[in-house]
Amino acid sequence: MSRKKIIAGNWKMNKTPSEAVALINELKPLVANDEVDVVFCVPAISIIPCIEAAKGSNINIGAENMYFEESGAFTGEIAPNMLTDVGVKYVVIGHSERREYFAETDITVNKKVKKAFEHGITPIICCGESLEQREQGVTIDFIRQQIKIAFLDITAEQAKTAVIAYEPIWAIGTGKVATTEQAQEVCAAIRVCIAEIYDQATADAIRIQYGGSVTAASAPELFTQPDIDGGLVGGASLKPEFGKIVNYK
Ligand code: PGA
């Protein structure tokens with residue numbers, strides 16, 4: 001089964017809208033590669049100018065978060081149809097920073113995943129263990145639970161189009177990249193979990209990224225593992241280095 005790689009930048013809370021446009025223009029020629037899906041998930045206020053700046057290129061602009069209601073009294077939140085109205089096709093759901101600082105839970109992740117699919121937006125669903133969990137040997141159990149809850153009431157047809165990002169929390173922004181073996185082991189376990197929930201065809205179709213301190217140096221080995229279909233990249237997606245990550249081959 002050959003799956004198209006998906007390499008996404010997660011800009012987090014970085015760059016003003018004008019800086020974001022300048023960065024898209026700088027990175028555009030460096031990430032021109034139709035063999036992979038290239039996505040930049042950017043702060044909400046920069047989505048529209050970035051979509052304008054990316055026009056005519058292979059860059060997709062995604063959101064970093066989204067709410068699970070259609071509209072109403074939810075001050076500060078962004079509704080799914082606000083994203084689709086401006087052409088957003090991807091949204092990061094349940095990043096560990098949102099779980100840690102903004103009280104997101106497996107249940108809210110599931111609600112958001114359902115809403116994203118209802119609106120035809122591809123969710124990039126994040127999961128990952130803490131250092132403590134890894135040291136206690138419960139990594140796979142913990143991630144299986146995150147995945148099972150995230151996919152409650154999601155059909156196989158929907159699940160096939162989802163993207164899962166495995167991001168060990170201890171590797172995010174720390175410079176401590178997981179070893180290729182660690183990353184492959186967990187991504188393979190996630191695929192087994194998807195096969196158990198649905199079937200092998202769904203497990204073969206779903207794309208699983210690795211994230212956590214990916215650099216141009218670590219990308220080639222990570223992205224050629226059998227169960228790793230690309231990456232979710234934070235720090236290095238704000239630099240020209242991201243071009244090398246997209247062209248890892
Ligand atoms: P990092 O971030 O590449 O800076 O570790 C990854 C992420 O949080 O998605």
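Just so you know, ligand 1 is whichever comes first in the structure, and atom 1 is the first atom listed for that ligand. Fair warning: this is a prediction, and the values are worked out from it, not measured in the lab.
Considering Lys176, Glu64, Glu167, Glu97 only, the shortest heavy-atom separation from atom 7 (C) of ligand 1 involves Glu167.
In this structure, a donor-acceptor pair under 3.5 Å is absent between the side chains of Glu221 and Tyr248. If you check the side chains of His119 and Glu70, you find a donor sitting under 3.5 Å from an acceptor. In this structure, a donor-acceptor pair under 3.5 Å is present between the side chains of Asp199 and Thr202.
Nearest protein heavy-atom contact of atom 4 (O) of ligand 1 is Gly235 N, 2.8 Å. What sits closest to atom 3 (O) of ligand 1 on the protein, heavy atoms only, is Gly234 N, 2.8 Å.
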With side-chain contact (heavy atoms from CB on, under 4.5 Å) as the criterion, how do Glu181 and Gln184 come out once you've worked through the C-alpha distance, each side chain's angles and the decisive distance to 0.1 Å? CA-CA 5 Å; Glu181 293 72 29; Gln184 162 59 23; 5.9 Å; no
Walk me through it: do Phe242 and Phe40 pass the test ring-ring contact (aromatic ring centres under 6.0 Å, His included)? CA-CA 11 Å; Phe242 193 65; Phe40 286 101; 5.1 Å; yes
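Close contacts of ligand 1 with His95, meaning ligand atoms under 4.0 Å from a residue heavy atom, involve 7 (C), 8 (O), 9 (O). Using a 4.0 Å cut-off to heavy atoms of Gly212, the atoms of ligand 1 that qualify are 5 (O). Residue-ligand proximity, Gly173 to ligand 1, at heavy-atom distances under 4.0 Å covers atoms 1 (P), 4 (O), 5 (O).
In this pair, Phe74 and Tyr67 present their aromatic rings tilted. The plane angle is within the 30 to 60° band.
Contacts between Asn10 and ligand 1, counted as non-hydrogen atom pairs separated by less than 4.0 Å, involve the side chain only. Of all the heavy atoms of Ala171, the ones lying under 4.0 Å from any atom of ligand 1 belong exclusively to the backbone.
Between Glu241 and Lys244 there is no salt bridge, since none of the side-chain N atoms of the basic residue sits less than 4.0 Å from a carboxylate O of the acidic one.
Geometrically, ligand 1 and Ile172 share no nitrogen or oxygen pair separated by less than 3.5 Å.
The closest approach between a heavy atom of Ser213 and any atom of ligand 1 is below 4.0 Å.
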